[in-house]
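So that the names make sense, note that chain A is the first sequence line, chain B the second, and so on, each numbered from 1. None of these values were measured; they are calculated from a predicted model.
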Amino acid sequence: MIRVDMPELPEVQTVVDGIQEVVGLKILGVHTHCLKLRQPIQTDLSDRLEGSVIQMVFRRAKYIVVKTNCDVLIHLGMTGKLLIKDHTYQRVKHDHMEIHLSNGKKLVYHDPRRFGMVSWHSNYQDYLAHYGVEPLSDAFSSDYLYQHCRDRRTTIKALIMDQRCVVGVGNIYACEALFLAGISPLKQAKVINKNECLKLVAMIKKVLNQAISEGGTTLKDYRTANNSLGYFQQSLNVYGLEGKGCQACGSSIQNVKITGRSTFYCEHCQS
DNA sequence: CCTGTGCCCTGACAGC
DNA sequence: TGCTGTCAGGGCACAG
């Protein structure tokens, strides 16, 4: 078992659950320190947010949605963190934005690799209009996935990572779910049968739900120790385990590239 | 429309 | 020891 700490859907959900205390607070001001994220932080972000009240914080795909008088979308990218700090907190390297709140605390956006994003929209749904169903919703069913697989020559792994089909399934959980479903990541989507769709959908929901429940516990510990929020760590079966023995059969875990992403699987258990 | 490739960015790590 | 090269990957632009 190895541990990783990239913010996939469960990590984003855990962060959202952990910052509910900001709901109802007034935004006194916003300071941005680096405009060059995945897309530039809008220069009028502060003007837009100052004086407004945070009405709701929730997750859509891997975005954190902060509803005020407009919608603020926050994406953590690879290395992003959203931290609650008190008024004595001093900014450190890679803190790109601070939102000053009416209870004296600050919501701090920290992202060394700057793959993340912060932006305001009048309606967040317009920005995410091309996004598919939530993986943990009833809309993501085996029938839904099966229909999306029709006539698709791409691999099943690329398909479940395509946000137009289903959102929030990143590289790690795609690998893990395919392992648990016994399906090769290299298999063409169009030859996946209904029973395989049933298993795969169930396993995607399982790994995500499991990670969310584990994350809640880890986050609580993390907060106690550091008085701050961050994403957590997840135990894995195949991801990052190239050359190691498969837990189920002992065969060596393979690593192949699929659409540029490292893809870990067991040739014996997945076909 | 469908599919694959490359880019953005910094830090961790391997190899010399 | 310090340098260089490689890799990590979500989302999107772009090419074929």
Worksheet item: For D95(A) and H110(A), does a side-chain donor sit closer than 3.5 Å to a side-chain acceptor?
Response: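 Distance-only check passes for D95(A) and H110(A).
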[X] [atom1] to [N] [atom2]: how many Å, rounded?
X       : N       : atom1 : atom2 : value
M117(A) : dG11(C) : CE    : P     : 10 Å
I172(A) : dA8(C)  : CD1   : P     : 12 Å
H110(A) : dT10(B) : NE2   : C1'   : 11 Å
E242(A) : dA14(B) : CD    : P     : 14 Å
L241(A) : dA8(C)  : CG    : C1'   : 15 Å
Q163(A) : dG11(C) : CD    : C1'   : 7 Å
N171(A) : dC7(C)  : CG    : C1'   : 13 Å
K93(A)  : dC9(B)  : NZ    : P     : 15 Å

Fill in: Contacts of type salt bridge (charged side-chain N to carboxylate O under 4.0 Å, His left out), residue K199(A), not counting sequence neighbours
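For K199(A), no residue satisfies salt bridge (charged side-chain N to carboxylate O under 4.0 Å, His left out) once neighbours in sequence are set aside.
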Practice prompt. Give a yes/no answer on whether the side chain of H130(A) brings an N or O atom under 4.0 Å of OP1 or OP2 in dG11(C).
Written response: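 H130(A) to dG11(C) OP1/OP2: no side-chain N or O under 4.0 Å.
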Worksheet item: Within less than 4.0 Å of OP1 or OP2 of dG10(C), is there a side-chain N or O belonging to Y173(A)?
Response: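 Negative; the distance criterion is not met.
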Worksheet entry | Residue closer to the 5' end of DNA chain C, F115(A) versus Y131(A) (nearest nucleotide) |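 It is F115(A) whose nearest nucleotide is closer to the 5' end.
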Discussion item. Rounded to the nearest 0.5 Å, what separates atom NE2 in H100(A) from atom CG in L49(A)?
Written reply: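 If I round to the nearest 0.5 Å, the distance is 12.5 Å.
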Fill in: From CD (Q13(A)) to CG (N209(A)), nearest 0.5 Å
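Result: 10.0 Å between the selected atoms.
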Worksheet item: Among the clusters formed by ILVMFWY side chains lying less than 4.5 Å apart, do V15(A) and F58(A) turn up in the same one?
Response: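 No; tracing contacts between hydrophobic side chains, which count when under 4.5 Å, never links both residues.
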Fill in: Test side chain to side chain donor-acceptor pair (under 3.5 Å) applied to T88(A) and D86(A), step by step
CA-CA 6 Å; T88(A) 62; D86(A) 65 36; 2.5 Å; yes
Fill in: Members of residues 142-159 of chain A that approach DNA chain B, where some heavy atom sits under 4.0 Å away
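Here the set is R152(A), R153(A), T154(A).
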Among [options], find the nucleotide with the atom closest to the side chain of [X].
X       : options                  : result
P112(A) : dA8(C), dG11(C), dG11(B) : dG11(B)
R114(A) : dT10(B), dC12(C), dA8(C) : dT10(B)
H75(A)  : dG10(C), dT3(B), dG11(B) : dG10(C)

Worksheet item: Pick one: which of E8(A), E176(A), K157(A) meets side-chain hydrogen bond (donor to acceptor under 3.5 Å, both in side chains) with N171(A)?
Response: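 Exactly one pass, corresponding to K157(A).
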Name the orientation class of the two ring planes belonging to [X] and [Y] (parallel below 30°, tilted from 30 to 60°, perpendicular beyond 60°).
X       : Y       : value
Y63(A)  : Y127(A) : perpendicular
H96(A)  : Y109(A) : tilted
Y144(A) : F140(A) : perpendicular

Worksheet item: Which residue pairs pass the ring pair (Phe, Tyr, Trp, His ring centres under 6.0 Å) test when at least one of the two sits in residues 252-271 of chain A, sequence neighbours left out?
Response: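 Passing the test, one end in residues 252-271 of chain A: Y239(A)-F264(A).
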Item to complete: Scan M161(A) against the nucleic acid and name what it touches under 4.0 Å (heavy atoms): base, sugar-phosphate only, or nothing.
Response: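 Sugar-phosphate contact only - M161(A) comes under 4.0 Å of backbone atoms but never of a base.
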Practice prompt. Toss me the dot-bracket line for DNA chain B: Watson-Crick and G-U wobble, both under 3.5 Å, 5' to 3', using | for pairs to another strand and [ ] for crossers.
Written response: .|||||||||||||||
Worksheet entry | Positions of residues 252-265 of chain A (non-hydrogen atom under 4.0 Å from DNA chain C), listed by number |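 Those residues whose heavy atoms fall under 4.0 Å from DNA chain C, taken from residues 252-265 of chain A in numerical order, are K257(A), R261(A), S262(A).
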Discussion item. Checking K187(A) now: which residues fulfil side-chain hydrogen bond (donor to acceptor under 3.5 Å, both in side chains) with it, not counting sequence neighbours?
Written reply: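 Applying side-chain hydrogen bond (donor to acceptor under 3.5 Å, both in side chains) to K187(A) gives E196(A).
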